[in-house]
Amino acid sequence: MKIFKVILILAVIILSMAALNAQTLKKEPQLNFKKGKKINVAFLVFDQVESLDLNGPVDIFTKANHADTVYNLYTVSLTKKAVNAEGNVLKMNATYTINDAPQADILVIPGAFPPVILQLSKEHPELIRWLQEQSKSSVVTMSVCTGALLLAEAGILNHKEATTHHQALDILKKYPQVKIVEHVRYVQDGKILTTAGITSGFDGSLHLVDLINDKEVADRIAHMLIYNRNGNLDFMEIQAK
C-alpha cells in the first residue's frame, strides 16, 4: 500500500511538471525566417529602461552570433535623443528611431518600473502604434518583465497566454482579454513570447536561440553566462513566505 502511494505521488509530480512545460511552450510556432537573410532583432530602448531586461537578451543574441552570424542586432527609441537606463548610470543612443527603424523579425520589448511603463504608454500613443505595426509582420514579438504591459496596451496580447513580473500581474489583470499564466519563467503562444521578471529574459532569449540555432548553442551560452536555465521557481515561493 505504501509503495502504491509513493508511485501515485511520483506520477502526480511527473504529470505536473509535464503540464508546466507544455504550458510554457503552448502553441509554439515554426519560426519561418527568410533564407539567406539576416534576422533583424530590434530592442526597444526608452528612458529608465531596466538594464538587465535589455542587456540580458542583447548579450545572449550577441554571443549566438559568435556561433553563427545570423542576427542583425539594433536598438530603437522614440527619438534621436539619448536615453538613460534605470538609475541614470548608462546613457544610450539608439541605432534607429521608431520613424526609420527597419522591420523587425524578432521584436524585443524590455520593461521598467511599472509607473514608467504606464506613463510611457499614456504619453506616447505613437509608440503603441509602432508596436502594433511592427508586431504585425514580426516572426516573434517578445517582452521581458513589465514590457508585457506595453504589448497589452497595444492589444498584442489579446486572446494570448502571457506572463510578466510577479509584482505587475495585478496590472496585467486589468486587461481582461489576456490569458495570464503565473509561476513560469516564460510563455510562448504562437508568435508571442512573454517572460517574467528581469532574468527571465535570459530564458526567453535562450529559448529562441534553441529554436533558431540549436540546443547545443543555447546551452553553451548559458554555461558561458554561468546561468542555470533548468531551474524552477520554487525559491520564489520560499521568499514570498
Side-chain angles (χ1 to χ4, degrees), residues 29 31-34 37-58 61 71-86 90-160 162-165 168 171-172 174-175 177-178 186-195 201 204-205 208:
L31 303 183
N32 297 315
F33 297 101
K34 292 181 180 179
K37 176 182 175 295
K38 284 201 171 188
I39 297 171
N40 281 346
V41 186
F43 301 90
L44 178 68
V45 297
F46 49 86
D47 197 51
Q48 300 306 306
V49 63
E50 211 288 332
S51 298
L52 199 53
D53 280 10
L54 172 66
N55 292 329
V58 167
F61 283 107
Y71 302 104
N72 174 39
L73 310 177
Y74 56 91
T75 51
V76 183
S77 63
L78 280 164
T79 68
K80 293 182 179 179
K81 184 180 177 181
V83 295
N84 291 303
E86 182 181 10
L90 299 175
K91 181 172 282 192
M92 299 168 283
N93 287 97
T95 318
Y96 299 101
T97 72
I98 60 173
N99 297 314
D100 60 9
Q103 174 60 50
D105 298 307
I106 300 175
L107 179 63
V108 182
I109 311 301
F113 192 52
V116 173
I117 295 293
L118 296 176
Q119 183 178 6
L120 188 65
S121 62
K122 180 180 179 181
E123 295 183 355
H124 294 283
E126 71 275 22
L127 173 61
I128 300 302
R129 290 193 296 269
W130 181 80
L131 291 174
Q132 292 168 337
E133 289 302 314
Q134 283 281 317
S135 190
K136 282 180 184 177
S137 299
S138 67
V139 179
V140 176
T141 296
M142 169 182 165
S143 66
V144 182
C145 195
T146 56
L149 301 179
L150 285 174
L151 297 186
E153 184 64 25
I156 294 169
L157 300 186
N158 286 354
H159 313 297
K160 296 289 186 181
T163 195
T164 187
H165 193 285
I171 302 175
L172 191 58
K174 294 179 181 179
Y175 297 89
Q177 295 186 9
V178 181
Y186 64 91
V187 179
Q188 182 161 9
D189 189 341
K191 66 185 282 182
I192 306 302
L193 175 62
T194 54
T195 71
S205 301
L208 290 178

Compare all side-chain heavy atoms of [X] with those of [Y] and state whether any distance is below 4.5 angstrom.
X	Y	answer
Val58	Val108	no
Leu127	Leu44	yes
Leu157	Tyr175	no
Val49	Val83	no
Ser205	Phe61	yes

(Q) Tell me every residue that passes side-chain hydrogen bond (donor to acceptor under 3.5 Å, both in side chains) with Gln119, counting only those two or more places apart in sequence or in another chain. (A)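 Residues passing side-chain hydrogen bond (donor to acceptor under 3.5 Å, both in side chains) with Gln119: Glu123.
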
Distance in Å, [X] [atom1] paired with [Y] [atom2], rounded so as to fall on 0.5 Å steps:
X	Y	atom1	atom2	value
Ser77	Asn93	OG	CG	8.0 Å
Glu153	Ile117	CD	CD1	11.0 Å
His165	Thr195	NE2	OG1	10.5 Å
Arg129	His124	CZ	NE2	11.5 Å
Leu149	Leu118	CG	CG	6.0 Å
Ile106	Leu73	CD1	CG	9.0 Å

Please test Leu31 against Leu208 for side chain to side chain contact (heavy atoms under 4.5 Å, CB included), starting from the C-alpha separation and ending with a verdict.
-> CA-CA 9 Å; Leu31 303 183; Leu208 290 178; 4.2 Å; yes

Between [X] (side chain) and [Y] (backbone), is there a donor-acceptor pair under 3.5 Å?
X	Y	value
Asn158	Gln177	no
Thr75	Thr95	yes
Gln188	Thr194	no
Lys191	Ser138	yes
Gln132	Gly155	no

Q: Indicate whether any N or O donor in one side chain lies under 3.5 Å from an N or O acceptor in the other, for Thr97 and Thr79.
A: no

Residue set satisfying salt bridge (Lys or Arg N to Asp or Glu O under 4.0 Å) with Glu133, at least two apart, ordered chain then number -> Lys136

Residues that Lys34 engages under salt bridge (Lys or Arg N to Asp or Glu O under 4.0 Å), provided they are two or more places apart:
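Counting only residues at least two positions away or on another chain, Lys34 forms no salt bridge (Lys or Arg N to Asp or Glu O under 4.0 Å).
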
Report task. Could you note down all residue pairs passing ring pair (Phe, Tyr, Trp, His ring centres under 6.0 Å) where residues 94-121 supplies at least one of them, sequence neighbours left out? Result ->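 Found Tyr74-Tyr96.
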
Note to self: Applying salt bridge (charged side-chain N to carboxylate O under 4.0 Å, His left out) as the test, list every pair that has at least one member in residues 38-50; sequence neighbours left out.
What the structure shows: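 Those involving residues 38-50 do not exist here.
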
query: Restricting to pairs with a member in residues 94-115, which pass salt bridge (charged side-chain N to carboxylate O under 4.0 Å, His left out), not counting sequence neighbours?
result: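 Sorted pair list: Lys37-Asp105.
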
Quick one: closest heavy-atom pair of [X] and [Y], and the distance?
X	Y	value
Leu150	Ser121	CD2-CB, 3.9 Å
Ile98	Glu126	CD1-CG, 3.7 Å
Asp53	Cys145	OD2-CB, 3.2 Å
Ser135	Thr141	OG-OG1, 2.9 Å
Leu172	Ala148	CD1-O, 4.4 Å
Met92	Val45	SD-CG1, 4.4 Å

